[in-house]
Amino acid sequence: MTSQPAPAPPTRLRTAVRGLLPDTAPWRSSRDFRLLWSSGCVSSLGSFLTYVAVPLQVKDLTGSSFQVGLVGAFELVPLVVFGLWGGALADALDRRRLVLLAEGGLGVLSALLLVNALLPQPLLWPIYAVAALVAAVDGLQRPALDSLTPRIVPHEQLTAAFALNSLYRNVGSVAGPALAGVVVAVAGVQTAYALDVVSFALSLLLLARIRAVPPASGAERPSLRTIATGVRYAWSRKDLLGTYAIDVCAMLFAYPVAIFPFLAAELDAGWALGLLYGASAAGALAVSGTSGWTSRIHRHGRMLVLAALGWGAAMTLAGLVGDVWLVLLCLAAAGGADQISGIARSTMWNQSIPDGLRGRLAGVELLSYSVGPQLGQVRVGGAAGLIGVRGAIWSGGAACVLGVAVLAVALPSLLAYDDRTDPNAAAVRAAAEGRGAEGRDAGGREPVPAA
């Protein structure tokens, strides 16, 4: 009998390519992660339609860059208050149910924007009011949503899970603004809001199929005291504090999205508005689509600092160059750097924070990555009125680079973080392995909890 020849060994190129492709282990191993991921795909695409439609509608109603920036100001206080409270709720309640209720509330608010847009003379104040309410509901939902993944994905797959989540968010960030530009130009902001309402309905159907994720035994009722416990823990971890501070710095100084409609006009490229919104997401998508290498990184603090410096440098160049295609290239580079930064932050958070505090710390994290953009919108809107649109962009990028460098020097524990030696990461890993062993039957299968 003739023996079959042995298969040829993989070439170095094929091995390298496989090493860059996203790690799909979380998708294969967890049904609930697949549902959560699919829900996010649908909801993200619709939300980015509204994300573009709101500032464009405010610009059309007022013609003021400052009033466009005020959208962020109206979102700020509700985000701070409800983000912290949402974190306490996520540690005390069924996280899946909390996510489901908040998703329904966000769908209703999107419908209110649609109703206002359908009026013969749309009003400005309902847009600000809905923006504030969306920030409040998002503050209640986001900690539960962010702390859900560590409960439904094995500990060793958390970096891969975040990269996969980033993949759909970045696809939505590219397709959403591009689609919004076409939809708004052809059919108006009303159609953009209507499509967002439909996306929330589909997302709810998927979220409803996720199994219950009850709180840990002995979880405390949400209160100001439990919130304070989470804040004290965050303050005691200077490495975590560094992740929050650097993200706020980067977004406060170098987040020019609010003035993109004015930048497009200054560049004499109104046709490129959707591309301006989608360029950074395209860069982020390129990174998340080749994110296999991130699972092999261990020094996530250094990874975060270098990426944040890259974000600021790219935004500086975006404000200095005068050609729209070079601006788009700089924004894409900034988006790629921000994606690397996000992977580093999320990995540190999920690897090293105990599950009993995960919701409350997710509330603190929500403030760090959301308050910065809200304040950044106000800053860039005001700066554009004083020193011009492009001046507001390049000066903010330069301030970001300087601020990140100062923070990196002031917080050496961030640069020293290594998941192989960090005691907090080791403790969380051991706890996750213990839950995994207790949560499987003799056949190695996960039990199906009651919904």
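These numbers come from the heavy atoms of this one structure, side chains and all, not from hydrogens, waters or symmetry mates.
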Tell me if a side-chain donor or acceptor on [X] pairs with a main-chain N or O of [Y] at a distance below 3.5 Å.
| X | Y | answer |
| --- | --- | --- |
| Asp91 | Gly359 | yes |
| Ser39 | Leu35 | no |
| Arg390 | Val321 | yes |
| Arg360 | Tyr233 | no |
| Ser29 | Ala25 | yes |
| Arg95 | Pro215 | no |

Give the minimum heavy-atom separation between [X] and [Y], together with the two atoms involved.
| X | Y | answer |
| --- | --- | --- |
| Leu84 | Val364 | CD2-CG2, 4.2 Å |
| Pro26 | Val153 | CB-CG1, 4.2 Å |
| Ala88 | Thr226 | CB-OG1, 4.0 Å |
| Gly242 | Leu411 | CA-CD1, 3.4 Å |
| Ala254 | Gly397 | CB-CA, 4.1 Å |
| Ala102 | Gln141 | CB-CB, 3.3 Å |

In this structure, are over 12 heavy atoms from other groups packed under 6.0 Å from [X] atom [atom1]?
| X | atom1 | result |
| --- | --- | --- |
| Arg209 | CZ | no |
| Trp85 | CH2 | yes |
| Trp235 | CH2 | no |
| Arg31 | CZ | yes |
| Asp323 | CG | yes |

Quick one: pull up [atom1] in [X] and [atom2] in [Y] and give me the separation to the nearest 0.5 Å.
| X | Y | atom1 | atom2 | value |
| --- | --- | --- | --- | --- |
| Lys59 | Leu273 | NZ | CG | 8.5 Å |
| Arg221 | Leu93 | CZ | CG | 10.0 Å |
| Leu36 | Leu206 | CG | CG | 10.0 Å |
| Ser346 | Leu304 | OG | CG | 11.5 Å |
| Asp247 | Asp338 | CG | CG | 7.5 Å |
| Ile393 | Leu317 | CD1 | CG | 12.0 Å |

Seminar exercise, completed: Given the options Val380, Leu263, Leu267, Val389 meets side-chain contact (heavy atoms from CB on, under 4.5 Å) only with Leu263
For this session: Show the numbers, then the answer: is there a side-chain contact (heavy atoms from CB on, under 4.5 Å) between Met348 and Leu414?
Result: CA-CA 10 Å; Met348 286 183 65; Leu414 175 63; 4.0 Å; yes
Taking the side chain as every heavy atom from C-beta outward, state whether [X] and [Y] have any pair of such atoms under 4.5 Å apart.
| X | Y | result |
| --- | --- | --- |
| Leu133 | Pro78 | no |
| Ser38 | Trp27 | yes |
| Leu331 | Phe260 | yes |
| Phe33 | Leu164 | yes |
| Val99 | Arg96 | no |
| Phe200 | Val42 | no |
| Val68 | Phe262 | yes |
| Val108 | Val197 | no |

For this session: Take Leu320 and Thr316, measure what side-chain contact (heavy atoms from CB on, under 4.5 Å) needs, and give me the verdict at the end.
Result: CA-CA 7 Å; Leu320 291 173; Thr316 302; 4.1 Å; yes
Examine the side chains of [X] and [Y] and answer whether a donor and an acceptor come within less than 3.5 Å of each other.
| X | Y | value |
| --- | --- | --- |
| Ser341 | Arg345 | yes |
| Ser352 | Arg237 | yes |
| Trp349 | Thr243 | yes |

Contacts under 3.5 angstrom, residues 113-129 side chains, donor-acceptor by atom type, not counting sequence neighbours:
| unit_1 | atom_1 | unit_2 | atom_2 | d |
| --- | --- | --- | --- | --- |
| Asn116 | OD1 | Leu123 | N | 3.2 |
| Asn116 | ND2 | Leu123 | O | 3.1 |
| Tyr128 | OH | Gln67 | O | 2.8 |

For this session: Apply side chain to side chain donor-acceptor pair (under 3.5 Å) to Asp196 and Ser199, showing your working.
Result: CA-CA 5 Å; Asp196 193 18; Ser199 76; 3.2 Å; yes
Problem set entry | Ion pair Arg358/Glu365, N-O distance below 4.0 Å | yes
For this session: Report the C-alpha separation of Ile353 and Leu240 in whole Å, then their side-chain angles, then the decisive distance to 0.1 Å, and conclude whether the side-chain contact (heavy atoms from CB on, under 4.5 Å) test is met.
Result: CA-CA 9 Å; Ile353 296 173; Leu240 292 183; 4.0 Å; yes
